Structures are given as structure tokens and as C-alpha cells.
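To start, the structure itself, in C-alpha cells.
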Amino acid sequence: MTRRVHAVLLVGSLLVVTPLAAHDTWLLPDSMRVPVGSKVMLALTSGMAFPVDDFAINAKRVTRADVRLNGITAKLDAPVPGQLSLRYQWTPRAAGIAAFAVELAPKTLVLEPEKIEEYFLDINASKALRAAWDSIKAPKQWRESYAKHAASFIRVGQPVSDSSWQNPIGMGFELVPEDDPTQIRAGQTLRVRALRNGVAVAGLEIGLQFESDKNVLFVTTDRGGRAVMNMPKAGRWLLHATSLRRTQRPGLEWESNFATITLAVAR
């Protein structure tokens with residue numbers, strides 16, 4: 001595991017660079033700018049190296065698969081299982097900003113002791129999280145219930161008045177853009193807000209990864225759950241965050257939610 005680079009300040013938020021090692025789950029369209037009436041294919045996968053498909057999601061785990069356009073939400077058609085991804089097809093019938101939301105049912109994992117520090121590095125864990133783990137009395141183990149939430153945005157045609165992208169999609173955990181995610185250009189910033197069950201999440205580490213780049217930039221949300229992400233170059237980007245909490249639920253030490261957004265930055 002490569003050691004983390006020193007922290008610096010970026011527009012009032014803490015930024016740290018780490019290599020990506022954890023499995024993220026993302027929803028990636030084959031194009032993020034399409035004309036009205038053009039079919040779009042979206043791949044849902046888990047992987048170690050965005051944007052490479054690595055592990056197909058079981059369709060039975062999907063509890064929600066929606067698209068919202070011009071403020072109207074509809075269910076996506078049943079997906080087609082692939083070897084490395086679960087594939088959804090959608091055809092837009094009007095111009096606007098399409099927001100996609102896919103959620104997976106919770107699963108439980110048991111993390112081996114030698115993997116715990118790697119996990120903490122992957123999510124840029126806070127001192128408080130590390131202290132919470134250290135406070136558990138021996139013999140201790142790591143049992144975690146986790147759920148995943150994936151989002152993406154597509155610009156359809158030439159939207160005139162669709163500003164629904166700035167509203168929460170309504171997932172259990174999500175990163176909500178406060179700038180049009182389909183209009184970001186290289187060198188600009190993207191403001192996002194982290195919400196869990198509709199409540200802002202402060203002190204959350206949001207990771208930002210450029211396609212085919214192993215490094216991850218982490219920015220910490222403020223008291224209002226907001227962070228500002230610098231988008232330095234054109235291409236596809238993955239935003240991801242993990243909300244990890246101690247729990248008193250029987251048989252568990254931890255609960256977590258993983259959120260991702262895929263977007264394209266123009267030149």
C-alpha cells in the first residue's frame with residue numbers, strides 16, 4: 001500500500017491523495033451527451049480500476065433502478081446480465097438532464113484483521129473512526145452491513161429549463177450536485193452535497209478519481225455536508241464516498257453506505 005501524500009487545503013476543504021484499492025460500484029453510460037431518441041446503454045459494475053468493468057452485479061440485489069428527466073421519475077427496464085456488468089438500456093423522449101439512480105440491497109461482510117488498515121486508507125478514515133475501532137474490546141472482529149448507491153447524469157439534446165439535477169434523487173445515501181454535472185469543463189469546480197436519508201453528512205471524505213488513474217483526491221465535507229471538487233482535466237470521473245458508522249445491531253460492529261457518481265468533464 002502506497003503511503004498517503006501530505007494533506008493540503010483546497011477551497012476550504014481537506015484534500016488527500018491515496019491510491020484506489022477498494023471495490024467501488026458505479027453506473028456508467030456509454031455516452032453522457034445524447035440526442036433525443038438515441039438509445040443509451042448503462043453498465044452497472046464493481047471494480048478496482050474505474051472505468052474498467054470487473055464484476056457483474058446480481059440483478060436480484062437491485063432494489064431500485066430509476067431515471068429522472070424534467071422532474072419526472074420512471075423505472076428503468078429490466079437489465080441484461082453480462083459477464084462483467086449488468087446492462088440497462090434507456091431511450092430519452094425529451095431534452096433535459098437525466099439523473100439515474102441504482103441501489104443495491106445490503107450485504108454483510110467479515111473483514112480479516114490484515115485488511116482493516118487497507119480499508120481505512122481506501123476511505124481516508126478519520127481519527128474518530130480509527131478510535132472507534134481501537135475502543136472495541138478483545139477478542140474483537142469486524143462485521144459490517146453495507147449498501148451501495150450509484151448515480152449518473154446524462155445531458156439529452158438541448159435542455160431549456162430542466163434544473164431537476166440539483167434536487168436529491170431520494171436514495172438512502174447520495175452525493176447531490178449543486179452545479180450542473182453535465183456542463184462542467186476542465187479547470188472548473190463542482191459543488192456537491194452529501195445526504196444520508198435526506199440529512200447532510202458532515203466530515204465525510206469524498207473521493208475523486210479520473211479514468212484509468214490509480215490516485216484518488218479526497219475532499220472533506222463541511223458542516224452542511226458540502227464539498228467543492230476541482231475538475232482539472234477533460235474526461236470521465238468517478239466521485240465516491242463511504243459513510244461508515246459503529247452500530248449496536250446484534251451480530252454487527254459496523255454499518256456503511258457507499259455512494260458514487262459518474263460524470264464527464266468537457267474541454
Side-chain angles (χ1 to χ4, degrees), residues 10-13 15 24 26-44 50-51 66-74 76 88 90-102 149-171 173-195 200 204 206-213 216-219 221-222 224-241 259-267:
L10 173 65
V11 288
S13 298
L15 172 73
D24 284 304
W26 61 79
L27 182 67
L28 187 63
D30 56 7
S31 177
M32 295 185 179
R33 285 178 173 266
V34 300
V36 176
S38 177
K39 291 182 180 180
V40 178
M41 293 297 298
L42 302 101
L44 181 70
F50 172 77
D66 294 342
V67 57
R68 182 183 63 197
L69 184 66
N70 293 308
I72 300 174
T73 301
L76 290 171
Y88 291 89
W90 178 69
T91 303
R93 301 302 180 188
I97 309 299
F100 297 87
V102 176
H149 318 265
S152 190
F153 295 85
I154 292 177
R155 190 172 190 84
V156 181
Q158 299 296 327
V160 176
S161 60
D162 187 2
S163 59
S164 59
W165 50 265
Q166 63 188 321
N167 299 322
I169 303 174
M171 292 193 288
F173 181 49
E174 60 182 310
L175 305 177
V176 182
E178 296 191 325
D179 297 295
D180 186 341
T182 68
Q183 289 285 71
I184 303 298
R185 294 188 174 276
Q188 295 181 336
T189 57
L190 172 67
R191 296 172 298 167
V192 297
R193 190 181 191 200
L195 299 176
L204 179 74
I206 301 179
L208 179 65
Q209 185 202 3
F210 186 67
E211 56 183 324
S212 303
D213 189 340
V216 180
L217 309 178
F218 279 100
V219 180
T221 59
D222 63 17
R226 291 182 169 87
V228 182
M229 321 295 293
N230 182 35
M231 315 300 291
K233 53 186 175 180
R236 293 176 297 180
W237 289 83
L238 176 71
L239 276 68
H240 60 89
T260 59
I261 291 179
T262 57
L263 55 87
V265 172
R267 295 187 184 280

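On a predicted model such as this, the values are computed, not experimentally measured, just so you know.
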Would you say the side chain of [Y] lies within less than 4.5 Å of the side chain of [X], judging by non-hydrogen atoms?
| X | Y | answer |
| --- | --- | --- |
| Val36 | Pro92 | no |
| Ile97 | Ile154 | no |
| Trp90 | Leu69 | yes |
| Phe218 | Ile206 | no |
| Arg155 | Asp180 | yes |
| Asn230 | Gln188 | no |
| Trp237 | Pro181 | no |
| Arg236 | Leu28 | yes |

Provide the closest heavy-atom pair for [X] versus [Y] in the form atom of the first, atom of the second, distance.
| X | Y | value |
| --- | --- | --- |
| Leu175 | Pro177 | O-CD, 3.6 Å |
| Ala264 | Met32 | N-SD, 3.2 Å |
| Val40 | Pro29 | CG1-CB, 4.1 Å |

Trp26 and side-chain contact (heavy atoms from CB on, under 4.5 Å): which single residue from Leu239, Val102, Thr260 fits? Thr260

How far does [atom1] of [X] sit from [atom2] of [Y], to the nearest 0.5 angstrom?
| X | Y | atom1 | atom2 | result |
| --- | --- | --- | --- | --- |
| Arg33 | Gln183 | CZ | CD | 5.0 Å |
| Met231 | Arg185 | CE | CZ | 13.5 Å |
| Phe50 | Asp213 | CZ | CG | 11.0 Å |
| Ile184 | Leu263 | CD1 | CG | 7.5 Å |
| Asp179 | Leu190 | CG | CG | 5.5 Å |
| Ile169 | Asp66 | CD1 | CG | 9.0 Å |

Can you tell me if [X] uses its side chain to pair, donor with acceptor, with the backbone of [Y] under 3.5 Å?
| X | Y | result |
| --- | --- | --- |
| Arg191 | Glu178 | yes |
| Asn70 | Ala95 | yes |
| Thr262 | Leu27 | yes |

Please confirm whether Trp165 and Phe153 have ring centers closer than 6.0 angstrom.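 Not close enough - the centres of the two rings lie 6.0 Å or further apart.
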
Arg68 and Thr73: side-chain donor and acceptor closer than 3.5 Å? no

